[in-house]
Protein chains: 2
Amino acid sequence: MPTDSADPSRRDQILDAAERLFAGQGFARTTIKQIGRAAGVNSALLYYYFADKDQLYREVLQRFVARLVARTMSGSAGGGPPDARLRAFVEAQAQTLAEHPDAPRLLAREMIDYDAAHAVEQIQHLSVTGFRRLCDLIDEGQRAGIFRDDLDPRFAAISTIAQVGWFFVARPAVRILLKQGPDGPSDDVIQAFGRHAADFAVAALTAPAGRAGATARRSTRARSRTS
Amino acid sequence: MPTDSADPSRRDQILDAAERLFAGQGFARTTIKQIGRAAGVNSALLYYYFADKDQLYREVLQRFVARLVARTMSGSAGGGPPDARLRAFVEAQAQTLAEHPDAPRLLAREMIDYDAAHAVEQIQHLSVTGFRRLCDLIDEGQRAGIFRDDLDPRFAAISTIAQVGWFFVARPAVRILLKQGPDGPSDDVIQAFGRHAADFAVAALTAPAGRAGATARRSTRARSRTS
DNA sequence: GTCTATAGGTGGATAGAC
DNA sequence: GTCTATCCACCTATAGAC
């Protein structure tokens with residue numbers, strides 16, 4: 001099985017079809033024959049390019065995450081004050097997911113179904129890049145005195161990212177709540193939510209430290225900020 | 001197939017086993033024979049109690065969501081100011097999910113894989129109860145002047161719920177970020193995150209309206225508040 | 001490289017004894 | 001009610017012609 005070497009077209013053709021199908025119906029329900037048909041080739045050919053179904057799936061995920069990381073990273077590189085950069089980060093995230101509607105499904109399913117076993121390195125990479133960048137951003141804002149410093153940056157990063165992530169994963173519920181059509185929220189609504197999420201996060205982080213926790217104990221910070 | 005009538009024990013025994021397996025590995029990868037084995041009965045017996053695999057899955061989901069709704073609702077009934085009740089709501093949510101670690105997986109997968117087709121009414125019910133209650137809470141706080149009124153209550157509700165939801169769904173990523181063991185975050189960390197999420201949401205909602213959106217346009221509100 | 005044909009295995013579902 | 005035995009469909013993967 002000459003899995004490597006150079007034949008872009010056919011190979012990518014198969015990967016494209018596989019990506020669509022895996023994203024749409026998951027690993028188990030997608031058959032080799034479906035993929036072959038969708039790619040316009042005989043299903044046996046898949047075994048010329050890939051060792052088995054599992055390997056094909058892994059390569060789909062890898063290619064996918066790599067693209068996603070590239071896209072996300074390029075979007076939030078600029079300078080400026082931490083709150084503006086955080087805002088840019090969140091809006092870029094919404095933008096990216098709106099352009100790749102398969103992404104949340106594919107990744108969330110992988111995490112849920114296989115505990116990310118097919119793409120540990122990829123998911124790690126995403127965590128180490130995306131999450132980490134956010135953490136650093138928040139930490140920086142805290143040290144600059146712009147953000148309240150009684151929040152754990154890692155918790156805050158999860159809360160920030162969660163908004164847009166959940167918006168896409170819980171699509172059926174969101175659709176009902178927002179009374180959107182069967183295709184899910186329109187681009188307008190997605191963009192509006194992206195702005196809202198950025199707003200929400202910045203507001204939570206810039207709130208005066210003493211004010212919000214009237215009922216509650218101070219500091220949900222559990223650990224060192226070096227993370 | 002006398003699917004109904006009265007035989008609690010056997011039937012529930014099968015449902016229990018099925019729930020564990022479906023939650024752990026999803027619908028497609030779970031086989032009838034696995035369920036039979038896990039339940040300690042012959043797999044053919046499943047067809048005495050349930051019409052087919054699909055029907056069994058539906059009943060698992062229904063029972064599951066019914067329990068979840070009951071649990072969630074009882075937790076956030078009390079009175080008090082809106083911000084305290086919102087806090088109670090979020091912490092109850094975290095508590096519930098910590099006690100039912102299968103819940104996020106089961107529900108998220110159903111939404112992702114089948115667009116909630118197996119449990120439309122259930123998901124609708126969850127949305128109409130949980131989400132709606134949150135929306136009303138936020139709306140009430142806005143009218144009382146406690147929460148800023150330039151946020152769409154429905155968007156704010158999504159952001160609020162998303163935090164804990166994502167925390168469980170993205171477990172592999174969270175695990176890496178928080179440097180937790182393979183079993184996922186400990187109960188302490190879950191509780192801490194629940195408090196954090198409540199804090200985060202209340203802070204975002206109580207922030208002075210003009211302050212947070214220095215860079216941004218006012219109001220991410222898109223539609224009427226009657227929702 | 002790409003196809004046809006098919007082996008080998010598994011899963012959902014039924015028939016029928018007890 | 002519960003089990004044994006089994007059928008049939010379908011899916012992954014391979015063998016081998018072209």
Side-chain angles (χ1 to χ4, degrees), chain A residues 1-61 63 109-110 113-114 117-119, chain B residues 1-63 106 109-110 113-114 117-119:
Chain A
M1 68 212 47
T3 294
D4 25 71
S5 86
D7 187 338
S9 67
R10 262 291 189 258
R11 199 183 156 80
D12 287 347
Q13 195 175 333
I14 295 171
L15 282 170
D16 288 340
E19 183 176 307
R20 279 197 305 276
L21 287 164
F22 283 141
Q25 34 178 15
F27 178 78
R29 282 197 301 171
T30 301
T31 73
I32 294 289
K33 297 192 178 168
Q34 279 180 334
I35 298 174
R37 207 178 317 134
V41 300
N42 189 283
S43 61
L45 188 59
L46 303 206
Y47 291 93
Y48 176 78
Y49 287 103
F50 305 94
D52 55 15
K53 191 184 169 187
D54 218 75
Q55 190 56 37
L56 169 58
Y57 183 59
R58 276 175 217 271
E59 295 213 24
V60 166
L61 270 184
R63 195 183 64 153
R109 178 157 33 211
E110 175 61 20
D113 276 9
Y114 303 96
H118 289 109
Chain B
M1 61 206 60
T3 293
D4 25 69
S5 84
D7 187 338
S9 68
R10 261 292 188 257
R11 197 180 158 80
D12 287 348
Q13 194 174 333
I14 295 171
L15 283 170
D16 288 341
E19 182 177 308
R20 279 198 305 276
L21 287 165
F22 284 141
Q25 36 179 9
F27 178 78
R29 282 198 302 170
T30 301
T31 72
I32 293 287
K33 297 187 180 170
Q34 279 181 333
I35 298 174
R37 206 178 316 133
V41 300
N42 189 283
S43 60
L45 188 60
L46 304 205
Y47 291 94
Y48 177 77
Y49 288 103
F50 305 95
D52 55 14
K53 192 185 170 189
D54 217 75
Q55 190 57 36
L56 169 58
Y57 182 60
R58 275 175 217 272
E59 296 213 21
V60 166
L61 270 185
Q62 284 177 22
R63 196 183 63 153
L106 209 49
R109 176 158 33 214
E110 174 61 21
D113 276 7
Y114 303 95
H118 289 107

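All values derive from a computational prediction rather than experimental measurement.
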- Message: Expressed as a whole number of angstroms, how long is the span from B:R29:CZ to C:dT10:P?
- Response: 16 Å
- Check the distance between D:dT12's P and A:R37's CZ and give it to me in whole angstrom. 11 Å
- Message: Whether the A:E110 and A:Y57 side chains hold a donor-acceptor pair (N or O, under 3.5 Å, no angle test) is what I'd like checked.
- Response: yes
- Item | Atom pair distance, as rounded to whole Å: OH in A:Y47 and P in C:dA5 | 19 Å
- Message: I want to verify a distance call: between C:dG12, D:dT12, C:dC3, whose nearest atom is closest to the A:I32 side chain?
- Response: D:dT12
- Provide, to the nearest angstrom, the distance between the CZ atom belonging to A:F50 and the P atom belonging to D:dT12. 15 Å
- Item | Nearest-angstrom distance from the residue atom CZ of B:F27 to C1' of C:dG11 | 12 Å
- When rounded to whole Å, the OH to P distance for the pair A:Y57 and D:dT12 reads 14 Å
- Message: Treating B:D52 as the side-chain partner and B:Q55 as the backbone partner, does any N or O pair qualify as donor plus acceptor under 3.5 Å?
- Response: yes
- Message: Check this one for me: any side-chain N or O of B:R10 less than 4.0 Å away from OP1 or OP2 of D:dT2?
- Response: yes
- Within less than 4.0 Å of OP1 or OP2 of C:dT2, is there a side-chain N or O belonging to A:Y48? no
- Which nucleotide in the set D:dA15, D:dT4, C:dG12 lies at the smallest distance from any side-chain heavy atom of B:A44? D:dT4
- Rounded to whole Å, CD of A:Q34 lies from P of D:dC11 at a distance of 7 Å
- Message: We want to know whether A:R37 and A:Q34 form a side-chain donor-acceptor pair, criterion being a heavy-atom distance below 3.5 angstrom.
- Response: no
- Task: Starting from C1' on C:dC3, measure out to OH on A:Y49 and report it in whole angstrom.
- Result: 13 Å
- Message: Can you tell me if B:K33 touches the phosphate of C:dG11, counting only side-chain N or O atoms and a distance under 4.0 Å to OP1 or OP2?
- Response: no
